[in-house]
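Quick notes on the structure that follows.
So that the names make sense, note that chain A is the first sequence line, chain B the second, and so on, each numbered from 1.
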Amino acid sequence: MLRKLAVLLLLSSPALADTAEGEALKAMSWDEIVAEARGGTVNWFMWGGADNINLYVSDYVAGILKRDYDITLNRVPITDAAEIVNLILSEKEAGITDAGTVDLIWINGENFRSMKQGGLAFCGYTGLLPNDALVNWDNPAIANDFGVPVEGCEVPWNTVQFAFAHDSAALAEPPRDMAALIAWIKANPGRFTYPAPPDFTGSAFVRHVFTHAAGGPESLLGPFDQATFDAVSARTWAILNEIEPFLWREGATYPNTITQLNELFANGEVAFTFNYDPAQFGLAVQAGTYPETTRSFGLTDGTIGNTNYTLIPFNSPNKAAAMVVQNLLLSGEAQLEKAKTEVWGAAPAIEISRTSPEVQAGFAAIVGHPSVIPAAELAKATLPELQADWLSAIEKGWAEQVGN
Amino acid sequence: MTTLTLQALEMSYPGTGVAAVKGLDLVVESGTLTALLGPSGSGKTTTMKLIAGLLRADRGDIRLGERSIRDLPPERRGVAMVFQSPLLFPHLTVAGNIGFGLRMRGLAPDDIAHRVQSMLSRVRLDGFGPRRPAALSGGQQQRAALARALILAPDLLLLDEPLSGLDPSLRDEMRGLIRELQRETGITTLVVTHDQAEAVTLSDRIALLLDGRLAQHGPPEDFYRRPASGTVARFFGGVNFLSGQVRAGVFHGPIGPLQLSEHVPDGDGTLTIRPEALRLGPGPNAHMAKVAGLTFLGTQTRVDLLIAGTALQMLAAPDQVAGLRAGAEILVSLPPDALWLLPRPPA
Amino acid sequence: MTDRHRILLLLAPALVILGGLFITGLGLTLLRSLRYFPGLGLTDPDLSAYRAILTSPGFLKSLGLSLWIASASTLIAAGLALAAALLLRQTFPGRAVISFLVQLNLTIPHIVGAIGILYLFSQSGSFARLAHAAGLIAAPGDFPALTQDPYAIGIILLYVWKELPFITLILLANLQSISADHESVARSLGATRWQAFRHVLLPMLMPGLAAASALVFAFAFGAYEVPLILGASAPKALPVLAWQSYTDTDLSTRPEAMAMAVLIALFGLLLLFLYMRILRSGGRDAP
Amino acid sequence: MHPRLRLLAALALAGWLVLPFLPLAVWSVAHGWRFPDLWPRALSGKAWGYALSDTAGVLDSFALTVFIALSTTVLAALVGIPAGRALGLYRFRGKGLVTALLLAPAILPGLAIVFGLHGIFLRLGLVGTTGGVILAHLIPVLPYMTLVMAAVFSAFDTGYEDQARSLGASPAQVFRHVTLPAILPGLLAGALFAFLISWSQYLLTLAIGGGRVQTLPLVLYSFAASGRNDITGAIALLYILPGLLILVVTSRWITGRSAAVVGTLRP
């Protein structure tokens, strides 16, 4: 009875363009793949908290897909990619190998590691995308996602680098390196805090302290090393516990999410916020959330940069169409569009020098938002992202030693 | 023992602008069982709630004995009320219900239990104490409600239509119980009813309320024999009214002269006679009447008469009028002591 | 067709849907909480997931927090609802407006109310700003932490806001069926206004109040989105903790999530049992 | 109660009920509203423009949420009317157990069953489908519909149906012309609550919809969680609109007796 009912309900849902068979696709030419993709629907699960980004995807990207490829792009807003990783995991566990819910995810870091390790990603196809030629796979920051080799399992979308923001009207000259920041925190009680890991951004802040405690990133590169971790983490927890009494609410509690920290910053409760994507500062000023006088900065001892990607799950029933979406996202025109300040201000994941002269001219003509530190400026001091195993250890250690 | 006095009592419901009680004066003698009788809308329930303190009077005074209770809260008036439906508290046992008022006064539980026990037997509910009200019959519930009020030995007991919710067979029993308990305790009791038969059989005195005013107050017989007005007479089933003049102790009306038994001053007036007071055959004030119709009512037969063109009604025992047919001419007498000249309204 | 067949036929669709989905869902949760998970190669049921959560301070703190949220919300909401129902029973100008607002509240999803409460009571919210304007505080941090706070004040405020009207409506419906004369009788039997309320009206309202409170308690104990928005980072309300364990990318925490769900279900069944008892004992005056 | 005290209490109650809507309404038109400003720096229609735009997907979510709630209500009525009839008109062995089973999903938190339900629906291929979400919503909705209909039928005299049959009406005609009009007020009250319960589901939709069935509460939370208070305010107001409309049209069904009939409605 139940099964019958289920079948009935299924029949009423729109027919799926079945291109679930990934291996068959890999044997095709790009033109054949595009032909397969026509009429398909792509369910793209992505963080949905910024109206500008949503509109870029739903207006610009979806518009081209519909017009040129007859592909329907269904943007599915989510708050936490981990839940989607879990969903795909559940699907795999339930034996759903060709009728998954998800066709594309905006992802990186630990979630990518989980997808790759769990065999949940569709891999080995990226070379088929014509615009793959624009990607500099020789750049280790692109070829590795938090130290995990990408290996054709995802396609870069944006490059970002961690930056801090302050209100120049309230604080003219912010501290410029980690030591100065720690000193500033102690001198200005209650004016600083960071989101509790495992919040994505809060965790990134702790990694900056961790790198600072290690005296630089050199000893932390490569696979996880327990002895190094024990030594460095002890110093890290000492620093974090030392500043705890000088934090917001005297460190008795931490914000849950970066959103809460942003809220504290917007209302002048703390002096700094930070983000992995400095373009967010400009978007927040445009939305009226942050004051116009918001400015952003990096640290002279460097901030962590990384890349975020789009990924096709192994059980996506619309892989061909999802590949077409990925190819479009990589195009010089699409990367230029989202780099525009009023659209998003996101830094490109492709080599601009490999794009057409018009696109190059377009990139050259972009005037940055005054609140967003130019990527080139930040790039002067870059720290590599640690491998995902370090991340897990740091987050676990923080919960036990600092956030208890 | 306590006399209840209502003085120029007035009350109108907010927003209606119409007075429900219009300057009511009434003295209920101590120790009597008085029926407050009236048709629906006459203001009797309002009057009772005013006495109980559930409504506030606009004007006038309410006194129990010498003390004015007009402005006292209900619980300090010494007035207990039994409502039309038993309204036993469903969350309490029968004993809990009966002991409720004593508990509110803070009596010791032992004392309450003792008094409740004796009260239960007085209303013939022995053994029903631990039960829930829902397990009782309608009559038993009404008795429990009566016991709940009586146990407080109030200065004044108010009963709102105590018989109307009961089956005819239970009414006699309840009526008897009320009379008996009232006589035993001597509590001044006011029974509100719309049923004149109930008022007559139950009470020592009747206060008839019409349109928010006291129409007549006295022993039940008076309402039959000496109604204060045509309306009172009609309320008690009076049907025969004759208009005319009184001259030297004789009433001159449409059916001819009628000798009166009492001296009445000369002047215009309306005469009434109960239908059951008319007699067949010769006697004082005898007149020829034509039988217009006969209706068998069971224990009585109604005879519609025409005397000199004027319709009169007579009630007679069925065998008395057994041979009578419509159209027959008979002799009917109107005994002088049954004739009552309605009081003339003050000019 | 006999009555028995007719009854069976009438009930069949509801029993198939609720039985099929609800019981099977509950059963599956139970199996997995016992670590019976053939998909992951777990075929020997054991109680280790229960041992793990019952010995973990995080779980016990969350359980305690959820119990605290449910108890405090229910008590405060029930008390205020009783007052509101007694108020709305009277006639006064503007009563219709308030009755409308009470009903309106019933239609508002919890998540909307939770966001409204957040904007009102957060440290940079409306009240904090009023306090600043009144010169009571200098900075948001001076305002007491009423949302995302360890005592779950924000969550309780939301439930008081949302469930007060719910209980009020149930009480008003009950009041309609309770004759006002019961109070009059009590007054005429010598009960003061307070005694009439305490010994007559309140006991008669009690079954309805208890039934509504049980529903509110169950909801406040098991709701997810309200503590998600208004709760502190630690400890988390039990449903939030369970959902996070369930959606953890580490599948090995799933049996623990399932075990939490089973404990929540057991608690719900206990409340259901109490609720049915209240309904039965309340007789005709119960809702 | 003293009239002035009563007025004060009434004002406090009304204020408390209205209060949470005020910041939502102001935020929806605010551009830049930071501590300690009591009023936004500037007013803007941007949030509303976004929420009401064709491509933002908010309106699609709105329509989807209405569709799911209406479908759930209709299904619940189709299943709940017969079940309510059985419970309201007959006494039978095991009635207590059946009632408990029908009542359980209303009392047990959604979280208690959502994991197991997720597992079942995954296997049935229902996760991520609108049909799956509707089926899942039936679980919390059906108890209310059934219990309301049981209360309605317990006050219904089947003599009317017998009378109609004896006057030559077919069973279908009897239902259409006799039974339905008699149960209609209760049915509408039940339908109203069924709609609202489905309308406000969050966790079940999140789990069974797999994120792909984006109902309004999910969109709302996604903006609330990213700190866009202006858009959150606009969507929140959109979200309460249908309830408000339904209430204005049907308030007489929620009040008084029908609330007593519903009795076990969801907090």
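- Using a 4.5 Å cut-off between heavy atoms, A:Asn111 contacts chain C through its side chain alone, with no backbone atom that close.
- Both tests pass for C:Arg254 against the ring of C:Tyr246: distance under 6.0 Å to the centre and angle within 45° of the axis.
- The shortest side-chain heavy-atom distance between A:Asn43 and A:Leu104 does not fall under the 4.5 Å cut-off.
- Looking at C:Ala139, neither its backbone nor its side chain comes within 4.5 Å of chain A, counting heavy atoms on both sides.
- Only the side chain of A:Gln260 comes within contact range of chain C, with at least one heavy atom under 4.5 Å from a heavy atom of that chain.
- Put simply, the side chain of A:Thr253 never gets that close to the backbone of A:Arg249: no donor and acceptor are under 3.5 Å apart.
- The two residues C:Thr74 and C:Val216 come nearest to each other via the heavy atoms OG1-CG1, 3.8 Å.
- Checking A:Asn108 against A:Asp145 by side-chain atom types alone, no donor-acceptor pair falls below 3.5 Å.
- Interface remark: A:Ser90 contributes backbone and side-chain atoms alike to the contact with chain C (heavy atom separation under 4.5 Å).
- Contacts between C:Ala128 and chain A at a heavy-atom distance below 4.5 Å are absent for every atom of the residue.
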